[in-house]
Undergrad: 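Below you will find the structure I want to go over with you.
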Amino acid sequence: MFRYLHLARTLDKQLQLLRRSGKKAELAICRYDQLVKDLRCFGVRHDAVFSKRTKNGENRLKNCVKYDLGGGYRLVTVRSADHLMLTFVGGHDEANQWIERHRYDSFEPQDALYVVEEIEGSWGEEEPGFGDEEHIEQEDPYEVELNARLDQSTLQKVFQGLYTVRCDTAGSRLDTGGSAARQSA
């Protein structure tokens with residue numbers, strides 16, 4: 001659980017640039033505003049916030065999580081102990097460039113580049129780790145439904161190139177995919 005929210009002083013300028021970018025950017029700004037409001041009210045593990053995370057984790061920065069604002073726009077956050085830093089908001093490519101430029105930075109809570117506000121409220125002490133990617137995969141309802149629909153024979157049909165024929169030590173050929181049609185004598 002985080003107690004302090006740090007807003008980068010450059011966020012206002014980034015949001016002003018987005019306002020001039022068109023309708024998709026305006027929608028992204030609305031989603032950003034709602035996401036920040038939800039972070040303040042509920043914390044990072046609430047469904048309203050957690051569901052906005054991008055599906056792929058961000059490994060270039062330690063404790064970094066990107067949020068999808070729609071229309072190709074992202075919010076980049078970094079967590080340091082009980083401090084959550086909102087560092088960048090912008091397009092997908094700009095977010096990747098920002099991460100590349102700042103990948104070796106140390107994000108310190110006392111950094112003057114951020115405006116700090118204390119968050120009132122408690123959302124439970126047993127909150128799992130912020131970058132717990134394993135938890136994301138287990139909780140994703142799409143993945144659960146997809147896994148329930150797939151069986152071994154469907155996977156063999158879709159990925160038939162991955163099921164290869166190999167020889168055992170006796171010299172007879174074995175099909176690792178289990179298909180009798182591909183066995184040869």
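Fair warning: this is a prediction, and the values are worked out from it, not measured in the lab. The analysis underlying the following values was restricted to heavy atoms, covering all of them including side chains, and did not include hydrogens, waters or symmetry mates.
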Undergrad: Look at Arg74 together with Asp68 and state whether they make a salt bridge at an N to O cut-off of under 4.0 Å.
TA: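 Looking at Asp68 together with Arg74, the answer is yes, because their closest N to O distance falls below 4.0 Å.
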Undergrad: Is there a side-chain contact between Thr54 and Tyr67, using heavy atoms and a 4.5 Å cut-off?
TA: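 A side-chain contact is absent here, since even the closest heavy-atom pair is not under 4.5 Å.
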Undergrad: Measure the acute angle between the ring planes of Tyr114 and His6, then classify it against the limits of 30° and 60° as parallel, tilted or perpendicular.
TA: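 Perpendicular.
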Undergrad: Is the closest basic N to carboxylate O distance between Glu117 and Arg40 below 4.0 Å?
TA: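 Salt bridge present between Glu117 and Arg40.
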Undergrad: Looking at side-chain heavy atoms only, is the closest gap between Arg60 and Asn96 below 4.5 Å?
TA: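 Result yes, sub-4.5 Å side-chain heavy-atom pair found.
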Undergrad: Would a single hydrophobic cluster contain both Leu15 and Leu35, if residues Ile, Leu, Val, Met, Phe, Trp and Tyr are joined by side-chain heavy-atom contacts under 4.5 Å?
TA: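 Yes, it is one cluster - the side chains of Leu35 and Leu15 are joined through contacts under 4.5 Å.
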Undergrad: Would you say the side chain of Phe88 lies within less than 4.5 Å of the side chain of Leu75, judging by non-hydrogen atoms?
TA: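 Not touching, per the 4.5 Å side-chain cut-off.
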Undergrad: Decide yes or no for Leu61 and Trp98: does some side-chain heavy atom of the first lie under 4.5 Å from some side-chain heavy atom of the second?
TA: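 Of all side-chain heavy-atom pairs linking Trp98 with Leu61, at least one is under 4.5 Å.
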Undergrad: Thinking salt bridges, do Glu26 and Lys23 make one under a 4.0 Å N-O criterion?
TA: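 No, this pair does not count.
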Undergrad: Could you state the interatomic distance from CG (Leu69) to SG (Cys30), rounded to the nearest 0.5 Å?
TA: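 One finds 10.5 Å between CG of Leu69 and SG of Cys30.
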Undergrad: I want to check something: taking the side chain as every heavy atom from C-beta on, are Arg79 and Val65 in contact at a cut-off of under 4.5 Å?
TA: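 A side-chain contact under 4.5 Å is absent here.
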Undergrad: Cluster question for you: counting only ILVMFWY and a side-chain heavy-atom cut-off of under 4.5 Å, with indirect links fine, are Phe107 and Leu113 together?
TA: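 Both belong to a single hydrophobic cluster.
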Undergrad: Are Leu11 and Gln14 side-chain neighbours, meaning at least one heavy-atom pair lies under 4.5 Å?
TA: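 Side chain of Leu11 against side chain of Gln14, heavy atoms only: contact under 4.5 Å found.
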Undergrad: One pair to check against side chain to side chain contact (heavy atoms under 4.5 Å, CB included): Val116 and Leu5. What are the steps and the verdict?
TA: CA-CA 6 Å; Val116 182; Leu5 188 64; over 6 Å; no
Undergrad: In Å, rounded to the nearest 0.5 Å, how long is the span from CG of Leu39 to CG of Leu7?
TA: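 The CG atom of Leu39 sits 9.5 Å away from the CG atom of Leu7.
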Undergrad: For a side chain to side chain contact (heavy atoms under 4.5 Å, CB included) check, start with the C-alpha distance between His102 and Thr87, then their side-chain angles and the critical distance, and finish with the verdict.
TA: CA-CA 10 Å; His102 295 88; Thr87 59; over 6 Å; no
Undergrad: Is the side chain of Arg9 donor-acceptor paired with the backbone N or O of Ala112 at a distance under 3.5 Å, no angle test?
TA: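 Yes, the answer is positive, given that a donor and an acceptor are paired below the 3.5 Å cut-off.
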Undergrad: Do we see a donor-acceptor contact under 3.5 Å between the side chains of Gln34 and Asp38?
TA: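 Short answer, yes.
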Undergrad: Between Gly70 and Arg31, what is the shortest heavy-atom contact and its length?
TA: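 In this case the closest contact between Gly70 and Arg31 is CA-NH1, 3.2 Å.
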Undergrad: Would you call Glu118 and Arg3 a side-chain contact if the rule is heavy atoms closer than 4.5 Å?
TA: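 Yes. Closest side-chain heavy atoms under 4.5 Å.
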Undergrad: So do the side chains of Tyr4 and Ser80 get within less than 4.5 Å of each other, counting heavy atoms only?
TA: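 Answer no - side chains too far apart.
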Undergrad: Roughly how far apart are Tyr73 OH and Lys66 NZ, rounded to 0.5 Å?
TA: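 It comes to 15.5 Å.
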